[in-house]
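Okay, so here's the structure we're looking at.
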There are 2 protein chains.
Amino acid sequence: MNLKQLALHLGLSQTTVSRALNGFPEVGERTRRRVLAAAEQFHYRPNASARKLATGRAGAIGVVFSSDRNLLLDPIFTDFLAGVAARSAESDTDVLVSSALGDEADTYRRLARAHSVDAVILSMPREEDPRVSLLHRLALPVVVHGRTESKLPYAHLDIDNEGAFRRATEMLADLGHRRIGLINGDTAFTFALHRERGWREALAARGFAVSAELGRAGQMTEESGYRFARLLLEFEAPPSALLCSSIFAALGAMRAIRDLGLAIGRDVSIVAHDDGLAAVRPETLTPALTTTFSSIRAAGARIAEIAAALAAGADPASLHEVWPVDIVFRGSTLPPPERAS
Amino acid sequence: MNLKQLALHLGLSQTTVSRALNGFPEVGERTRRRVLAAAEQFHYRPNASARKLATGRAGAIGVVFSSDRNLLLDPIFTDFLAGVAARSAESDTDVLVSSALGDEADTYRRLARAHSVDAVILSMPREEDPRVSLLHRLALPVVVHGRTESKLPYAHLDIDNEGAFRRATEMLADLGHRRIGLINGDTAFTFALHRERGWREALAARGFAVSAELGRAGQMTEESGYRFARLLLEFEAPPSALLCSSIFAALGAMRAIRDLGLAIGRDVSIVAHDDGLAAVRPETLTPALTTTFSSIRAAGARIAEIAAALAAGADPASLHEVWPVDIVFRGSTLPPPERAS
DNA sequence: TGCAAGATTCAAAGCGCTTTGACAAATTCA
DNA sequence: TGAATTTGTCAAAGCGCTTTGAATCTTGCA
C-alpha cells in the first residue's frame, strides 16, 4: 500500500493525504481523521527511500566503528549503541553502523557523498583528531562522544574524566595514600589523557611526586590490567592504591593483587571507572569496588538527541555538554597499610 | 555532483553514465573508462536514497536489539556487530540497528513496511520464536543467529552448542569427574537449551545421575556466575567441575571458588564458553581457562554474507550452517580431588 | 446578497537514480 | 554492395514521496 493507492482509496489527492499524515495545519480536522484511520487500517508506512529522496534528508545517523578499535573491541560499545538506538527509535531515526575498512576517512566520505546519513557520531576522539575537520569539510554534522582539540565548532558530549580522576585521587590521598598508580586507557585518546591529567594534578596539588612510572596506559582489558598492576606492585616502592580506567582492567588488577598474596582494600586499594555494564557490576564483587560512575548508555541516548538536533539544523556551537561523574565509595578503598615509609 | 551533472559534463546521457558505473556490458570500453575517470575525479557517489527508490532495494540489512536483552545487555554483541558491519561494508551494504521500543514485532513491521532493509538478522532466538513466522508473513527475509523450531524455511547460522557442551562434559567425565555443574544462560533461548541438552546427554550416556539441581540458568553476568557457583559448591555433595556458558559467568564462578577457599582446577575444574572477546582472554587468566571456543565475530561476518545473499534473492532453505566448536584444553581442568565418594 | 479573506484541496513538478524500448552507428555476412 | 546483425547510446518513463502554486470551497461581514 503506497501513498497513491491510499489517496485513491480515500478519494483525496496525494498532497492532502501526505499533509494529513505529516501533521500540516492546512488539513481539515475531519479529513485528517479519515486519513489517519485509513492509514492505520491499511498499515500504511511511507516508503523510507522515497521520503528521503523527496526531503533530501536521510533520516539516519551514522556510527562508525573506528579502525583504532576495530581489532580490539570494546564491549561497552554495545551499551553505548543501545542508548543511541533506543533514543533514535523514538524520533524515528535510523542508526547506521559502518565499519571502516582501511582508511576511516574514506568511510566518512562515502557516507557524506551518498547522503546516507544526516549526522554522524564520532567515538573515541583523539586530542588532535583529523576526523573532525574532515567532517567539517564534508559538511557532515558530527557529534563527538568525548572531546578533541579543534577550533571548529563541533557538538559534543563528554563526561568529566579529569574531574572524576582528580577527585578519586584526592579521595585516596585523603585516606592516606601517597603512592597512587594509574592503569589507564591508551592516552592517544582524549578521555585517557584527561584522566591522566586529573590524576596528575591531584598528586601535584598535594605535593606528591608524580612519577611517570606509576602511570601506565594501554588496552583496557583484563589482561593488561593484570599485567600493569603486577608491574606496579612489584616495584621497590609499590603503590598502595590503583586507579583503573575500566572495570575489565580492574578485574585484572584485582587478580594481580591476589596473585601476589595481597588483599584488595587492606593492602592495595582500587578505584575503577564504571560505565554501567550489566555484565560486571562493581557492587557485587568481593570486595565491592569503589568507582567513578557514569552510564555510557545514558550518554548514548543523549548523543542521539544531539545528533537529531544537528540533523534538524541546530547550531553545533550550542550543543556542548560535560557530564559530572559520581564517585561511589565501596569496600575496595581503605587507608593504606601501616608502613615504614 | 549528481548523475545529471556528471552526464552533462561528459556529454553523455544519464543512461550511459549509469550503466558504465554499474558495470553493464552494453557500454563501450572507451566510454566506460572516461566515465569512471570522471566519476573518480569529481568524487561522484550515487545518492543512496535515489538508488534505493529506483531499484526498490534498500541496500541495507537490519539488526534489532531484542527487548529480551534490552535491559541486560550483552557485551558480546559488539563483536558480533563488528563482524556484521565489516563484512557488510565489503558488499556496500548498510547495517541498520534498531531498538525495539515496546513490542519488538512492531519494529519488524515498521522495517518491513517502510522497506528500510532487505533482510534482517535475528539474534538470540527462542525455541518457539514468533518472530520467524512474523517475518515470513511480512515477506522480510531473515537470517537467524542460532536456531528455532519452525516449519518455515529460514536461513540460519548456529554453532554446535549441544556438541560443544556434550564434549566438554565428556572430557570432564574422562578426567574422572562425576558431579558436573552447569551454569547456563537463560534456557528460554535456544542456545542455552542446546547446551543444557549436550550436558544432560553426556551425563546420561555415562550413566551419571542427571540432577536438575546441578543445572542452573540465568543471566550470563559475573554476578550470576558467582551466585550460582556458590550455590552449587555449598551443596552437601558439590560438583567437582563447572561448565559456564560465558566467560563472564566463569569469572564469577572463579571468584566463588576462591571465596570458598578452594583452588580452581585442583579442587574445582572449570570450562567456559569463549566467544573470543578481547576484553577477557581465557588463556591469560590464572589458571588459564579451558574453553569451548567459537568466534562470534566470525559468525557475524558470515551472517552478513548470508543476509546479503538473501537480499539478492537466494533461497533461505539452502542457507544453513552449523559451525563446529573447538575445545581448548588449559589449566582450569584437572582430575577431581580424591574424595570419599 | 455580494465579495474579500481564510480554509481546504488539488494537479503537477521535482528529488536522483535505474531501466525500458527505440534509435543510430558500426560491423558482419551473403 | 545492401541487408541483417550487433553494438553503443539515448530519451523518457518511472520509483513513492514532498512541496509549490493555483484552484476551489467556506465563511464572515458590509
Side-chain angles (χ1 to χ4, degrees), chain A residues 1-36 38-39 42-60 92 94 110-118 311-312, chain B residues 1-36 38-39 42-60 92 94 110-118 311-312:
Chain A
M1 168 67 75
N2 59 21
L3 186 64
K4 195 170 175 181
Q5 291 164 13
L6 188 63
L8 203 69
H9 172 88
L10 284 162
L12 289 168
S13 71
Q14 295 188 40
T15 309
T16 305
V17 177
S18 171
R19 303 214 123 141
L21 256 22
N22 290 313
F24 280 63
E26 61 268 69
V27 171
E29 203 41 53
R30 253 174 55 83
T31 314
R32 157 160 296 131
R33 263 201 290 274
R34 263 184 69 215
V35 171
L36 255 32
F42 295 114
H43 299 304
Y44 170 73
R45 273 241 141 210
N47 178 301
S49 310
R51 170 185 287 212
K52 287 172 189 177
L53 180 56
T55 58
R57 286 188 295 102
D92 221 37
D94 292 332
R110 199 164 51 73
L111 287 176
R113 290 206 281 263
H115 295 280
S116 304
V117 297
D118 297 320
Chain B
M1 169 67 74
N2 59 22
L3 185 65
K4 196 170 174 180
Q5 291 163 13
L6 187 63
L8 204 68
H9 172 88
L10 284 161
L12 289 169
S13 71
Q14 296 189 41
T15 310
T16 304
V17 177
S18 170
R19 304 215 124 139
L21 257 21
N22 291 311
F24 279 65
E26 60 269 69
V27 172
E29 201 43 52
R30 254 174 54 81
T31 315
R32 155 159 299 131
R33 264 202 290 274
R34 264 185 69 217
V35 171
L36 255 31
F42 296 115
H43 299 305
Y44 170 74
R45 272 243 143 208
N47 178 300
S49 309
R51 172 188 287 221
K52 286 173 191 178
L53 181 57
T55 58
R57 286 187 295 102
D92 221 38
D94 292 332
R110 198 163 51 74
L111 287 175
R113 291 205 282 262
H115 295 280
S116 304
V117 297
D118 297 320

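Side-chain atoms are counted along with the backbone in the values below, which use heavy atoms only and exclude waters and symmetry mates. Throughout, a chain's letter reflects where its sequence line sits, starting with A, and its residues are numbered from 1. Remember, it's a predicted structure, so these values are computed and weren't measured experimentally.
- When the C1' atom of dA7(C) is taken as reference, atom CZ of Arg30(A) falls 15 Å away, rounded to whole Å.
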Task: Criterion side chain to side chain contact (heavy atoms under 4.5 Å, CB included) on Val17(B) and Tyr44(B), from CA distance to verdict - done: CA-CA 11 Å; Val17(B) 177; Tyr44(B) 170 74; 5.9 Å; no
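- Using a 4.0 Å cut-off, no side-chain N or O of Asn47(B) falls inside it from OP1 or OP2 of dC15(C).
- Positionally, the nearest nucleotide of DNA chain D for Leu12(B) lies more toward the 5' end than for the other of Leu12(B) and Thr55(B).
- Here Ser18(A) does not reach the OP1 or OP2 of dT19(D): none of its side-chain N or O atoms lies under 4.0 Å away.
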query: Checking side chain to side chain contact (heavy atoms under 4.5 Å, CB included) for the pair Asp92(A)/Arg110(B): CA distance, chi angles, key distance, verdict?
result: CA-CA 10 Å; Asp92(A) 221 37; Arg110(B) 198 163 51 74; 3.9 Å; yes
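- A straight line from NZ of Lys4(A) to C1' of dG16(D) spans 9 Å, rounded to a whole angstrom.
- Between Gln14(A) atom CD and dT20(D) atom P there is a gap of 16 Å when expressed in whole angstrom units.
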- Please report the C-alpha distance between Arg33(B) and Leu36(B) in whole Å, then the side-chain angles of each, then the deciding distance to 0.1 Å, and finally whether the side chain to side chain contact (heavy atoms under 4.5 Å, CB included) criterion is met. CA-CA 5 Å; Arg33(B) 264 202 290 274; Leu36(B) 255 31; 5.7 Å; no
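- Comparing dT18(D), dT9(C), dC15(D) against the side chain of Asn22(A) picks out dT18(D) as the nearest.
- Dashed line: the shortest gap from a side-chain N or O of Ser49(A) to OP1 or OP2 of dC17(D) is not under 4.0 Å.
- The side chain of Thr16(A) contributes no N or O atom lying less than 4.0 Å from OP1 or OP2 of dT9(C).
- At the heavy-atom level, Gly56(B) lies nowhere under 4.0 Å from the strands shown.
- For Pro46(B), the side-chain atoms get nearest to dC17(C) when compared with the rest of dT9(C), dC15(D), dC17(C).
- Closest to the Phe24(A) side chain, of the nucleotides dC10(D), dC17(D), dT19(D), is dT19(D).
- The phosphate of dG16(D) (OP1 or OP2) has no side-chain N or O of Tyr44(A) nearer than 4.0 angstrom.
- Pairs of residues two or more places apart, or lying in two chains, that qualify as side-chain hydrogen bond (donor to acceptor under 3.5 Å, both in side chains) and include a residue from residues 7-17 of chain A are Ser13(A)-Thr16(A).
- Whole-Å rounding puts the Arg51(B) CZ to dT18(C) P distance at 5 Å.
- Side-chain atoms of Arg34(B) come within 3.5 Å of backbone atoms of Leu10(B) as a donor-acceptor pair (strictly under, hydrogens ignored).
- A donor and an acceptor atom sit less than 3.5 Å apart, one in the side chain of Thr15(B) and one in the base of dT19(C).
- The Arg19(A) side chain lies nearest to dC10(C) when the options are dC10(C), dT20(C), dG16(C).
- Comparing dC17(C), dC15(D), dA11(C) against the side chain of Asn2(B) picks out dC17(C) as the nearest.
- Here Leu12(B) contributes atom CG and Ser18(B) contributes atom OG; the two are 12.0 Å apart, rounded to the nearest 0.5 Å.
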Secondary structure of DNA chain C per the Watson-Crick/G-U criterion (both distances under 3.5 Å; [ ] crossing, | other strand, . unpaired) is ||||||||||||||||||||||||||||||
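- The backbone N or O of Pro46(A) lies less than 3.5 Å from no partner atom in the side chain of Arg51(A), so there is not a single donor-acceptor pair.
- Contact annotation: the side chain of Glu26(B) approaches that of Arg19(B) to within less than 4.5 Å [non-hydrogen atoms, C-beta and beyond].
- Per the geometry, CG belonging to Leu10(A) stands 15 Å off C1' belonging to dT8(C), to the nearest Å.
- Taking atom NZ on Lys52(B) and atom C1' on dC15(C), their separation rounds to 15 Å, with Å as the unit.
- Comparing Ala50(B) and Val17(B), the nucleotide of DNA chain D nearest to each residue sits closer to the 5' end for Val17(B).
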